[in-house]
Asks: 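Dumping the structure here so I can ask a few things about it.
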Amino acid sequence: MERRAFLKGVSLLAAAAGMGGAWAQAPSPKGVQGGGFYRFPLGRYTVTVLSDGQSAPGPLLPSWGANPELQEEFRRVLLEHFLDPNATPNNFNPVLVDTGSARLLVDTGRGQGGRLLEHLALAGYAPGDLTHVFLTHGHPDHIGGLVDGGGRPAFPNALHLMGRVDLDYWLKNPTPAVERALFPLRERIRPVEDGEEILPGVRAVASFGHTPGHMSLEVLSEGQKLFIFGDAAGHYLLSLRFPQAYLGFDMDRAQVVATRARLFRKVAEEKALLTAYHFPWPALGYLRPLGEGYEFVPAFFRF
């Protein structure tokens, strides 16, 4: 009897292991919420955060918190929030705003190796469906997806928009990524000024400092507001908890600290939604004051 019971148990365990393997190998159903995109309503508009994928785990310090005098404090906060300062992946989160008559993509991901187009398709859009592309700034992980492998526009029917200050800077100070992705489209890119309404309810907001002319967007529909910050928000823990914090790749550290203080105060006071390019997936939430800084409160995930 004991032998039969033992053999039965082994068989059940083997069957369970086999089923678990089958489940692990099964592809995700197309279009499932959270499968590379996160869609939510904003008044009459539909907003979709799109994942361009993640980087391999790497060190957070000093890139994501560069102040020399705060390295130990940064490390302590990261560890308290279960982040390994030496090995944490990074997220890349473009955003699509669908007004019903227009479809605006904010930032284009890394291009080769990124997953934006794959997840755009899962969300139900084709590249040709986009009517506008807005670039927050000229760093490679934001402009890399502007063109395909042959240098052709990845979003052929879209009007391309970029803050005038940042566009002028990168065209005069090109990087390899700018030469590859921005230069071929420079005649198609329309410069945008601070405060300009690029679509009904969608307004450009100067957020200089991370780059010379970094721009964010404010989206308003039926009283509901969303800020799309690109890299203006920095790191979801360090840049919020420490008002004086700056990133290793912020180009004007004093300016970006002042910019973040202004943006964070506005979002918290207005109790508005925000999304930021490198925040944890799906990178959507609110800010509330905490000590001298702020805390990021994730929005409740809705299927």
Asks: Relative to each other, are the rings of W170 and H139 parallel, tilted or perpendicular (30° and 60° limits)?
Replies: perpendicular

Asks: So, F303 versus F301, ring centres under 6.0 angstrom or not?
Replies: yes

Asks: Side chains of Y125 and D98: donor-acceptor distance under 3.5 Å anywhere?
Replies: yes

Asks: Is there a salt bridge (Lys or Arg N to Asp or Glu O under 4.0 Å) between R76 and E72 once you walk through the steps?
Replies: CA-CA 6 Å; R76 177 185 61 79; E72 287 308 310; over 6 Å; no

Asks: Can you confirm if the NZ or CZ of R110 lies within 45° of the ring axis of F92 and under 6.0 Å from the centre of its six-membered ring?
Replies: yes

Asks: Does atom CD of E69 have more than 12 heavy-atom neighbours from other groups under 6.0 Å away?
Replies: yes

Asks: Taking 4.0 angstrom as the limit, do D168 and K172 come out as a salt bridge?
Replies: no

Asks: side-chain contact (heavy atoms from CB on, under 4.5 Å) for L135 and L182? Distances and angles first, verdict last.
Replies: CA-CA 10 Å; L135 304 170; L182 207 60; 3.9 Å; yes

Asks: Side chain to side chain donor-acceptor pair (under 3.5 Å), that's the test. Do H210 and D250 meet it? Break it down for me.
Replies: CA-CA 4 Å; H210 178 67; D250 286 335; 2.7 Å; yes

Asks: CG of L60 to CG of N90: how many Å apart, nearest 0.5 Å?
Replies: 8.5 Å

Asks: In terms of heavy-atom contacts, does CD of E292 have more than 12 from other residues, nucleotides or ligands at under 6.0 Å?
Replies: no

Asks: Do you know the tightest heavy-atom contact between A245 and V257?
Replies: O-CG2, 3.5 Å

Asks: Is the distance between the ring centroids of Y246 and W64 less than 6.0 Å?
Replies: no

